[in-house]
Structure formats: structure tokens, C-alpha cells
Amino acid sequence: MCQDFWHHDTKENSLAICVCDGAGSARLSRVGAYVVAAEVTNALITQEAVCDESMKSAFRTARSKLDRWAAAGGCSVSDLACTVLAVWANPRSTYMAHLGDGVIIRRSRTTQEVTIVSGPERGEFANETYFLTSSNWENHVRVKKMPAEHSLCIMTDGCQSAALESPPVSGPYRPFCDPLFDFAANSLDGDAAESELRKLLTGAKMRQTSRDDKTVVLAHFIPEVPTLLKNVSAAVC
Amino acid sequence: MSLEDQVQVNSRNREPRQPLVLLVDVSESMRNDIGDVQSGLEGLQHELQNDPVARNRVELAVITFGGTVQLLGGFEEAAGWVRPGLTAQGDTPMSAAIDKALDLVESKKLLYRQHGLEFFRPWIFLVTDGAPTDEPLWPGAVARVTEAERRERVALFSVGTESADFNRLRQISPARDPIRLKSGEWRKMFIWLSRSVSAKSKSKPQETVPLVDPMAPNGWAVAP
């Protein structure tokens with residue numbers, strides 16, 4: 001059963017996105033991912049202005065919600081373990097906060113340069129990562145401010161093999177990322193875009209790279225439209 | 001053209017990795033054994049390259065200590081690894097070699113993390129016929145290994161020939177007892193190593209992989 005969830009919201013000229021991947025080893029991680037995606041998005045979109053601290057604060061709000069949920073439901077908070085990737089943007093700036101694996105990739109509108117804004121943070125060994133339910137999660141949250149003029153691609157770890165280079169080369173795998181960013185730039189119809197993305201993620205090419213759940217969220221900055229980033233598209237399978 | 005047609009996925013090797021550092025004593029006293037060690041390494045190369053999974057998962061590096069400490073080549077995927085040539089010479093700077101192996105493992109893990117690659121607990125496999133001659137560095141090496149083992153950052157296996165100082169080896173492998181190679185059984189030892197590391201590289205995370213007992217009656221080792 002799919003353990004990835006994502007949520008997004010817009011308000012005036014700002015946008016919030018949160019993507020979560022529930023831990024395969026935690027029995028209710030699907031619920032955790034769902035709750036955290038909604039809670040972080042809501043905490044971000046209701047703020048007038050965002051800074052490093054407010055990104056972390058949104059994570060804290062979501063963690064408190066998980067604690068309450070666990071207490072009410074009679075389960076351990078670790079049963080709700082999930083990773084978190086969050087983005088807040090307005091026409092002037094973009095913030096991201098990231099805990100655990102998954103990746104955020106950026107394409108600059110001015111230089112077309114494609115870079116990893118935030119890469120996966122692994123634990124010591126295969127299949128170990130950091131979750132919002134970990135006791136030391138605050139030590140592992142990475143918060144970053146970026147210029148506004150770009151496209152963003154937010155992905156869960158099921159897409160990492162397809163989208164990242166193999167050693168000795170590092171960075172994003174351009175033959176994967178470039179068509180996605182072009183697609184985001186040219187897609188005006190959100191539903192059709194989502195359907196195309198879903199086809200990609202469930203297709204044979206992606207299946208051969210990983211059998212894990214996969215989520216891709218694309219956000220594209222449109223300079224002519226003062227309401228900033230749009231074309232948010234995603235697919236979960 | 002659909003999005004799926006346009007997008008290409010990275011199909012190069014992104015398998016989870018099992019690092020293996022071979023820490024080989026090539027001091028002067030190893031001269032008579034060097035030929036056997038080399039053919040043992042050849043066997044290891046052959047076995048790993050013929051294993052369709054392990055060839056993409058196991059990554060090997062060889063550090064020798066004999067007079068000086070040398071990293072021969074770098075970390076290579078088993079699929080493309082070629083066993084290095086060995087020459088016996090000098091004394092036994094085992095402490096410095098262990099230090100280098102731990103540094104190498106840490107830098108490799110950093111690289112894995114940067115690439116978002118999963119990896120298993122690295123193995124360091126130490127073979128020697130003697131005792132460290134860089135005594136002042138020994139306590140530091142022991143402390144580093146002990147800490148790394150305690151935090152499950154590395155697993156160090158130590159094998160000595162009959163003339164090895166097993167008291168020293170016990171200090172450097174706190175988590176598992178050193179074992180003594182039966183005379184001349186180098187090839188058998190390396191085959192065991194390749195099969196063990198292959199099994200490990202195919203395991204589930206955190207799973208304990210039972211290894212074939214090298215001290216079984218038909219095995220290649222005995223208790224020191």
C-alpha cells in the first residue's frame with residue numbers, strides 16, 4: 001500500500017507544498033505521512049512571512065500533531081514515522097526544509113542550471129534514514145533559502161535512482177530532470193499534467209529503477225504572472 | 001510524444017553497496033606467502049565477478065602494509081576490479097594501515113551519502129603474519145576500531161598465520177575473535193570471503209547474515 005502523500009495550498013501570492021514518505025518499517029506510517037503533509041502545508045500557508053525558523057516551526061507543529069494522534073490512537077509515535085520535504089514560495093523568495101531522504105532539484109530560470117538543492121540524508125546503513133518521529137529529528141532538518149526564479153522538482157526516494165547520477169559522477173541526472181522541467185514549464189492544465197506524470201511513474205522505465213512508492217511534485221515559476229509559481233503537478237503510486 | 005517517452009532514467013549502477021577493504025600484510029616475512037595471497041585474490045576477483053548481484057554491490061579496496069602503507073588503486077566495483085600485484089618488503093606498520101582503512105571507509109560512506117546510495121556496514125578484512133612495528137600508533141588504532149565497532153560503523157575481521165601476534169589481533173578485533181589460517185589455505189580463505197561478502201551484500205538491512213564457520217573441520221581456519 002502506498003505510503004507517500006503530498007499536499008499543497010496557495011494563498012494570495014504564496015504557495016506551500018509538503019511531500020512525505022512513510023517508513024516501510026512503521027505500521028501506520030501511511031497515516032503519519034498523510035497527517036504531516038497536511039499539517040506542514042497548513043502551518044506554512046497561514047504565515048504572512050516565512051523564515052528559517054518558521055520552516056522548522058511548521059515541522060514542530062506537525063510533530064506535536066503526531067504525538068497527539070499517537071496518544072489518542074493508543075499507538076507509539078514511531079508507528080507514524082515519515083520523512084518530510086517542504087517548500088514555501090512567494091514571488092520574492094523560496095524556502096525549503098528537508099528531513100530524511102528524498103531530493104529537491106532546482107532549475108534556474110536565468111541560467112537553466114540544474115542543481116540538487118537538498119539531497120537525501122541517509123542513516124548509517126542501507127534503508128536507514130531520519131524521520132519526524134525520531135527523537136533527534138531537529139538536528140537533521142535542513143533549511144535553505146533560495147532565489148525565487150526557478151522551477152522545482154520535489155521527489156521521494158523511490159525516484160532517486162532514476163533522477164540522480166551514479167558514481168563517479170554526482171548531481172542530477174539531466175536526461176531525467178530536463179524533460180520534467182520542460183514539461184512543467186509547458187503544462188497549463190494541472191489535471192492533464194498529473195495524468196502524464198502518473199503514467200511516467202507507473203510505467204516500465206521507472207519500475208525498473210525502483211519498486212518503492214514514487215512521488216514527483218513540480219512547481220514552475222512564471223515570470224509574466226505575478227502570482228508566481230504554478231503548475232503544481234504530482235503523482236503517487 | 002508522451003512524458004514517459006521523453007524522460008530517460010539513470011540505468012547505471014545504483015545498487016546498494018557493500019564496501020570491503022582488504023588489509024594485507026606484505027612485510028618482508030610474508031615473502032613466501034605472497035604468491036598464494038595473490039592467487040587467493042584472483043579467486044576472490046573471479047568469484048565476485050561471476051556473481052550477478054555481488055558484482056554490482058561489492059566494492060573493494062586493497063591496502064597493503066610492508067615498510068609503508070599503500071592503497072593500491074582505489075575503491076572499485078567488483079565488476080571492474082582487478083587484483084593488484086603485491087611485493088613483500090620492510091616492517092609491519094599495521095596501526096597506520098588500520099587508520100588508513102578507517103579513513104577510507106569514512107570517505108567512501110560520505111560519497112555514498114552524497115549520491116543517495118544505500119550501503120551496508122563496511123567490512124575490513126585484515127591478514128597478517130606478525131605484529132605491528134609502529135607500536136606508538138597502536139593504542140590509537142585500537143581505540144578507533146573499538147569505537148567504530150561499538151557504533152556499528154564497520155566490521156573488522158582479523159586472520160593471522162601461525163606466527164601472528166594473536167594478543168594484538170584480539171585487541172584490534174574486539175567484536176569478533178581473530179582466527180588462525182591453516183597453513184597455506186589462502187585460496188580457500190578468499191573464496192570464503194567472497195561468498196560471505198556476497199551473502200551480506202544481498203541481505204536485508206539490519207539482518208544478521210550467518211557466515212559459514214571457517215573453523216569447521218573442512219574449513220580454512222582454526223582457533224589461534
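Proteins get letters first, then strands, A, B, ... in listed order; numbering begins at 1 in each.
One side chain, A:Ser118 or A:His98, offers a donor N or O that lies under 3.5 Å from an acceptor on the other.
In this structure, the portions of A:Ser170 lying under 4.5 Å from any heavy atom of chain B include both its backbone and its side chain. For chain B, the nearby part of A:Val169 is the backbone; its heavy atoms alone come within less than 4.5 Å. Heavy atoms of B:Gln6 lying under 4.5 Å from chain A belong to its backbone as well as its side chain.
The candidate from A:Gly171, A:Cys159, A:Gly119, A:Pro167 with the greatest count of non-hydrogen atom pairs under 4.5 Å with chain B is A:Pro167.
When the salt bridge (Lys or Arg N to Asp or Glu O under 4.0 Å) test is applied to B:Arg187, no partner is found at least two apart in sequence or on another chain. Contacts of A:Glu196 classified as side chain to side chain contact (heavy atoms under 4.5 Å, CB included), with partners at least two apart in sequence or in another chain: A:Phe183, A:Lys199, B:Ser2, B:Leu3.
The number of heavy atoms from other shown groups lying within 6.0 Å of OH (A:Tyr34) does not exceed 12.
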